[in-house]
Amino acid sequence: MTDTAPRIAPPSVNPFDFIDEGLRQWLSEHAESLHHQGLDSEHLIPRLAQAGLFAHGVPLQAGGLGGDARHATMAIAAVAEHSLAAAFAFWGQRAFIEYLLHSPNETLAARWLPLLLSGEHAGATGLSNAMKFLGGIESLQIHAEIAPASAADPDGWHLQGKLAWVTNLRKAGFIAAAAVANSGDQPPMVIAVHSDMPGLIRSADLDLIGLRGSNTAALSLQEVHVSQADLLHEDARVYLPTIRPAFLAMQCGMSIGLARASLRRAQQLAAGRHSTTASKITAVQQALAASVTQLLEGVQQQRFREQAPALFRLRIVLAELTQQAVGLELQAKGGSAYLQEQQDGFARRWTEAAFIPIITPSLTQLQAELQRHTPSSA
Ligand SMILES: Cc1cc2nc3c(=O)[nH]c(=O)nc-3n(C[C@H](O)[C@H](O)[C@H](O)COP(=O)(O)OP(=O)(O)OC[C@H]3O[C@@H](n4cnc5c(N)ncnc54)[C@H](O)[C@@H]3O)c2cc1C
């Protein structure tokens with residue numbers, strides 16, 4: 001280009017605009033079946049991978065698109081605007097990717113990151129038991145016994161136990177993270193188990209009232225042999241707090257997306273007819289925007305590593321805003337919200353919203369944690 005050539009301004013790029021038209025259409029066509037019937041669940045992860053979504057917030061040298069947990073969070077939010085089942089499976093996949101990025105086991109990461117980024121394999125997080133264990137609510141449900149040394153594996157373990165809830169257990173193949181009580185006085189470990197391991201048994205999909213396409217099932221472990229190569233971290237108490245900020249921030253993406261979708265619909269319905277509802281919608285939109293800003297700033301400044309309670313409070317506020325948003329959608333829609341023939345996603349969003357407070361760590365668990373941090377405010 002010469003100096004006299006007209007300067008063309010670069011297109012304005014919204015760094016958080018993640019969904020292309022093809023994916024938008026796919027998600028809106030499949031949102032109801034992903035929620036109610038569980039159809040299309042096997043296609044979901046490859047379809048999200050095709051749109052490059054798992055690579056947001058993953059360093060370039062690890063095969064990603066760069067950015068940080070803000071980008072992953074807002075990509076999950078963008079999907080949640082269309083389907084919470086899709087967003088939750090996305091979160092499971094992306095959380096497992098985050099575990100690999102923070103694991104000292106570089107060989108495990110090098111082996112699995114390409115398979116997870118490409119959507120060839122599904123990643124799942126069976127860590128609700130572990131989070132409750134850290135909070136002193138529950139004991140670990142999986143136990144390790146040192147396996148007899150063999151030439152192939154001189155220092156492995158046998159795992160025994162059960163995970164009652166795990167999402168994104170794709171039938172075509174998955175890898176899942178689990179916290180495991182170690183033998184003797186060794187600290188609890190975090191181990192990756194995958195669907196090819198003998199003794200790892202996936203139940204049928206749980207009979208859920210919604211999110212049925214999220215590939216949610218129980219895992220039973222019967223003498224599953226694992227080795228050092230499967231170790232995500234040798235000490236869950238050290239590892240889990242390092243991954244918790246991204247784990248929770250990305251969960252917030254689900255609330256943000258769902259709240260946005262309900263508020264948008266409420267605004268369309270209320271336009272010109274419900275003046276009292278309209279002003280409430282505006283107030284919740286403003287509160288949501290303020291919470292999103294706080295979340296993204298905190299993640300960018302890495303503030304939540306030291307200030308976990310601030311992130312817990314944001315997750316609670318965002319969950320409450322989501323409940324208010326679907327409530328306003330209901331109020332704006334009125335009686336027709338109850339008519340099958342007038343469904344426009346409202347009934348789905350209503351049950352999707354019921355999931356937000358019980359995602360690990362649930363609001364109950366977070367409130368208990370906050371009381372522990374500030375006992376005087378209890
Ligand atoms: C569709 C679906 C998918 C899921 N997928 C996954 C997954 O992929 N991975 C995963 O790990 N988990 C998963 N879960 C599990 C989920 O994370 C749990 O629902 C969550 O941990 C809530 O636990 P809970 O049922 O024990 O309820 P909680 O919210 O923990 O508690 C329920 C009740 O227990 C009591 N209680 C709890 N904590 C305390 C406390 N500190 N002090 C006093 N009382 C307390 C209270 O009475 C409370 O009302 C999934 C669940 C669902 C529904």
Side-chain angles (χ1 to χ4, degrees), residues 92 95-105 107-109 112 123-150 152-169 174-203 206 216-248 251 308 312 358-362 364-366 368-369 372:
F96 196 96
I97 289 171
E98 200 68 18
Y99 302 160
L100 290 173
L101 295 174
H102 285 83
S103 169
N105 188 342
T107 314
L108 187 73
W112 283 96
T125 166
L127 291 185
S128 74
N129 173 229
M131 295 289 175
K132 285 190 218 172
F133 166 75
L134 279 188
I137 302 167
E138 206 171 82
S139 57
L140 290 174
Q141 308 288 306
I142 301 177
H143 297 266
E145 289 292 335
I146 292 170
S150 69
D153 187 6
D155 48 8
W157 298 270
H158 283 155
L159 305 185
Q160 191 78 26
K162 189 168 177 180
L163 293 170
W165 299 90
V166 191
T167 293
N168 208 26
L169 296 178
F174 61 83
I175 183 164
V180 172
N182 212 334
S183 52
D185 54 3
Q186 298 298 305
M189 312 175 277
V190 182
I191 289 193
V193 291
H194 57 83
S195 44
D196 293 338
M197 288 177 167
L200 182 68
I201 299 157
R202 180 203 193 279
S203 74
L206 300 181
T216 299
L219 280 180
S220 152
L221 292 88
Q222 299 172 9
E223 298 283 305
V224 175
H225 184 96
V226 293
S227 66
Q228 297 278 337
D230 305 303
L231 210 51
L232 277 162
H233 203 284
E234 61 187 7
D235 191 342
R237 290 196 177 98
V238 173
Y239 182 57
L240 294 179
T242 66
I243 54 177
R244 193 165 51 183
F247 179 98
L248 274 167
Q251 276 181 351
F312 295 173
I358 55 168
I359 305 168
T360 298
S362 69
T364 308
Q365 293 161 12
L366 289 170
E369 276 289 312
R372 248 196 300 277

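All of these numbers come straight from a predicted model, not from anything done at the bench.
Y239 meets the ring pair (Phe, Tyr, Trp, His ring centres under 6.0 Å) test with H233; sequence neighbours excluded.
The CE atom of M197 sits 15.0 Å away from atom CD of Q222, with the distance rounded to the nearest 0.5 Å. Residue L169 holds its CG atom at 12.0 Å from CD1 of I175, rounded to the nearest 0.5 Å. Here the CG atom belonging to D230 is positioned 10.5 Å from the CE atom belonging to M189, to the nearest 0.5 angstrom. For the atom pair NE2 (H102) and CZ (R244), the distance works out to 13.0 Å, reported to the nearest 0.5 Å. To the nearest 0.5 Å, atoms OG1 (T360) and CD (Q365) are separated by 5.5 Å. Atoms OG and CD, on S220 and Q160 in that order, are 7.5 Å from each other to the nearest 0.5 Å.
Put simply, the side chain of R202 reaches to within 4.5 Å of the side chain of L219, judged on heavy atoms. F247 has its side chain within reach of T125: a pair of non-hydrogen atoms, C-beta onward, lies under 4.5 Å apart. For the pair Y99/V190, no side-chain contact is recorded, criterion being any heavy-atom separation below 4.5 Å from C-beta on.
A pairwise comparison of heavy atoms in Q228 and N105 identifies O-ND2, 3.6 Å as the closest pair. Scanning all heavy atoms of the two residues, the minimum distance from V238 to P241 falls at O-CD, 3.5 Å. Between F96 and A177, the shortest heavy-atom distance links the atoms CE1-N, 3.5 Å. Shortest non-hydrogen contact noted between G123 and N168 is O-ND2, 2.9 Å. Considering every non-hydrogen atom in both T167 and A124, the closest pair reads O-CB, 3.1 Å. Between A144 and L159, the closest heavy-atom pair is CB-CD2, 3.7 Å.
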Exercise for review: Starting from the C-alpha separation in whole Å, work towards a yes-or-no answer on side-chain contact (heavy atoms from CB on, under 4.5 Å) for L108 and L100.
Suggested key: CA-CA 7 Å; L108 187 73; L100 290 173; 4.0 Å; yes
Review point. Can N129 and L140 be said to form a side-chain contact (heavy atoms from CB on, under 4.5 Å), step by step?
Key: CA-CA 6 Å; N129 173 229; L140 290 174; 3.7 Å; yes
Exercise for review: Show your working on side-chain contact (heavy atoms from CB on, under 4.5 Å) between L163 and I142 and close with a plain yes or no.
Suggested key: CA-CA 8 Å; L163 293 170; I142 301 177; 3.7 Å; yes
Exercise for review: Apply side-chain contact (heavy atoms from CB on, under 4.5 Å) to the pair H143 and W157, showing each step before the final yes or no.
Suggested key: CA-CA 9 Å; H143 297 266; W157 298 270; over 6 Å; no
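Enclosure of atom CD in E138 by more than 12 non-hydrogen atoms of other residues, nucleotides or ligands within 6.0 angstrom is indicated. Other residues, nucleotides and ligands place no more than 12 heavy atoms under 6.0 Å from the CD atom of E234. Annotation for I201: atom CD1 counts as buried by contact number, over 12 foreign heavy atoms lying within 6.0 Å.
Proximity of a side-chain donor or acceptor of D235 to a complementary backbone N or O of P187 within less than 3.5 Å is not detected. Formation of a donor-acceptor pair under 3.5 Å by the Q186 side chain with backbone atoms of S183 is not found in this model. Side-chain atoms of S203 do not come within 3.5 Å of backbone N or O of A217 as any donor-acceptor pair.
Taking the six-membered ring where the residue is Trp, H158 and H225 present perpendicular rings, their angle passing 60° and hence far from 30°.
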